[in-house]
Amino acid sequence: MPELPEVETVANGVNGRIRGEVIESVWLSRYREPFKTSPKAMAEALTGTRIERVHRVGKHIVFDLYRPGNPPSSLQWIVHLGMTGRLLVSAAGVPVPQHTHAILHLSSGRELRFVDARRFGRLRLHRPAESQEEFQGPGREPLTIPVTDFAVLFRRRRTSIKAALLNQSLLHGVGNIYADESLFRAGIRPTRMAARLSRERLARLHSSLQSVLREAIRLGGSSVSDYVDADGAAGFFQLEHRVYMRTGEPCLVCQTPIRRTVIGGRGTHYCPLCQS
DNA sequence: AATGAAACCTGACAGC
DNA sequence: TGCTGTCAGGTTTCAT
């Protein structure tokens, strides 16, 4: 499931492969779920633009697009991978996979394809001219938020720290894997009420979260389910998971069996001895 | 306003 | 073999 490190890996991969290319034509599927902007408006807006840069904001992949003309204009194409979304750069002759919802035909002759079996992914346009600013995402960036701001996010939150970490309007980019892994590394029980964590424990969580995210980015993300990068290659961080999907297996620190519970409808994994 | 549960989806897998 | 039921979880929607 794509979270911050997986989305960053995909965005960087796509950026390196197709930055500078012109979108010559666009094909979009007839399903309605993937499109938060109408397919007609999206295809018209994308066609003829040049891809200036592709980068990540939270779990969103942002395409900065430039339209030449008099006057020239700019806009952003926002891609959210949902659970099973993929962005693939392919040669034109490569067979189009099932569940393909968008094909951007590029000036090099290659294609950028958005493929998403479950249709939880979303595509939309963002126009800086209309909204006065570039796409920002719903919350704060986990990798750059200062520790004091981080602590403020959880003040007076009477929900569990796990649910708060998953709340995208607070921090964006953290999903189920990295919530569980960062809480284990910080020694915090996922069920603990966010508001009751001490400043010291929140500082430790801030540090654990940033280091686990950076390490996962370095390893190309976690390939569980069917996540792959823009080349179709898997990541390696799943080999570093200490609690996620290790229910019943011994804790790597104390040998106690890892326990599983459900928080906010999400499978939640923790060590009952190491996390208090 | 904040919180939690349900709904949206398909593929993988277990059990029979 | 093939069927049925369950589970996975990011986001949105709805109810409390």
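Every chain is numbered from 1 and lettered A, B, ... according to where its sequence line falls, protein lines coming before strand lines.
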- Quiz item: A/R118 side-chain donor-acceptor pair to B/dC9 base, under 3.5 Å: yes

- Message: Please give me every residue in residues 210-218 of chain A whose heavy atoms get under 4.0 Å of an atom in DNA chain B, ordered by residue number.
- Response: none

- Item | Euclidean distance, atom OH of residue A/Y31 to atom P of B/dC8 [Å, nearest integer] | 16 Å

- Query: Which of the following nucleotides, B/dT3, B/dG11, C/dT11, is nearest to the side chain of A/H80?
  - Reply: C/dT11

- Shortest side-chain distance from A/R119, nucleotide among B/dT10, C/dT12, B/dT3: B/dT10

- Message: Please determine whether a side-chain nitrogen or oxygen atom of A/K36 lies at a distance below 4.0 Å from atom OP1 or OP2 of C/dT11.
- Response: no

- Item | Nearest-Å distance once atom P is located in both B/dC9 and C/dC3 | 24 Å

- Task: Decide side chain to side chain donor-acceptor pair (under 3.5 Å) for A/R110 and A/S108; before the verdict, give the C-alpha distance in whole Å, the side-chain angles of both, and the deciding distance to 0.1 Å.
- Result: CA-CA 5 Å; A/R110 294 179 300 170; A/S108 66; 3.2 Å; yes

- Which distance, rounded to the nearest 0.5 Å, do you find between the CD of A/E111 and the CD of A/E24? 11.5 Å

- Taking the six-membered ring for Trp, is the centroid-to-centroid distance between A/Y178 and A/F237 below 6.0 Å? yes

- Item | Rounded distance in Å - NZ (A/K59) to C1' (C/dT11) | 9 Å

- Task: Describe the nucleic acid contact of A/G121 in one word from base, sugar-phosphate, nothing, applying a heavy-atom distance below 4.0 Å.
- Result: nothing

- In whole angstrom, give the distance that lies between atom CD of A/E6 and atom C1' of C/dG10. 13 Å

- Counting side-chain heavy atoms from CB outward, which of B/dG11, B/dC9, C/dT11 is closest to A/R32? B/dC9

- Nucleotide nearest A/N176 when distance is taken to its side chain, options C/dG10, B/dC9, B/dT10: C/dG10

- Can you check the A/F35 CZ to C/dT11 P distance for me, whole Å? 19 Å

- Query: C/dG10 P sits how many Å from A/H60 NE2, rounded?
  - Reply: 13 Å

- Message: Show me the pairs that pass salt bridge (Lys or Arg N to Asp or Glu O under 4.0 Å) and involve residues 169-189 of chain A, at least two apart or across chains.
- Response: A/K162-A/D180, A/E181-A/R185

- Between P of B/dA2 and CZ of A/R156, the distance in whole Å: 10 Å

- Message: Considering every strand and a 4.0 Å limit on heavy-atom distances, what is the contact class for A/R266: base, sugar-phosphate, or nothing?
- Response: base

- Note on the structure: Separation of C/dG10 atom C1' from A/Y178 atom OH, nearest Å, is 15 Å

- Query: At under 4.0 Å, does any side-chain N or O of A/T84 touch on OP1 or OP2 of B/dG11?
  - Reply: no

- Assert yes or no for the condition that the ring centre distance of A/F35 to A/Y31 is strictly below 6.0 Å. no

- Item | salt bridge (charged side-chain N to carboxylate O under 4.0 Å, His left out) evaluation trace for A/E8 with A/K59 | CA-CA 8 Å; A/E8 175 125 344; A/K59 293 179 190 171; over 6 Å; no

- Task: Give one of base, sugar-phosphate or nothing for A/G265, where a contact means two heavy atoms less than 4.0 Å apart.
- Result: nothing

- With distance as the sole test, does A/R201 use its side chain to make a donor-acceptor pair with the main-chain N or O of A/G187 at under 3.5 Å? yes

- Item | Nearest listed nucleotide, side chain of A/R260, among B/dG4, C/dA8, C/dT12 | C/dA8

- Query: Using a cut-off of 4.0 Å on non-hydrogen atoms, how would the nucleic acid contact of A/R158 be classed: base, sugar-phosphate, or nothing?
  - Reply: sugar-phosphate

- Query: Within the distance-only criterion (no hydrogens, no angle test), does the side chain of A/E3 pair as donor or acceptor with the backbone N or O of A/N176 below 3.5 angstrom?
  - Reply: yes

- Rounded to whole angstroms, how far apart are CZ on A/R56 and P on C/dG10? 15 Å

- Message: Starting the side chain at C-beta, find the nucleotide from B/dA2, C/dG10, B/dG11 nearest to A/R157.
- Response: B/dA2

- Phosphate contact (C/dT11 OP1 or OP2) by A/H172 side-chain N/O below 4.0 Å: no

- Within less than 4.0 Å of OP1 or OP2 of C/dG10, is there a side-chain N or O belonging to A/Q168? no

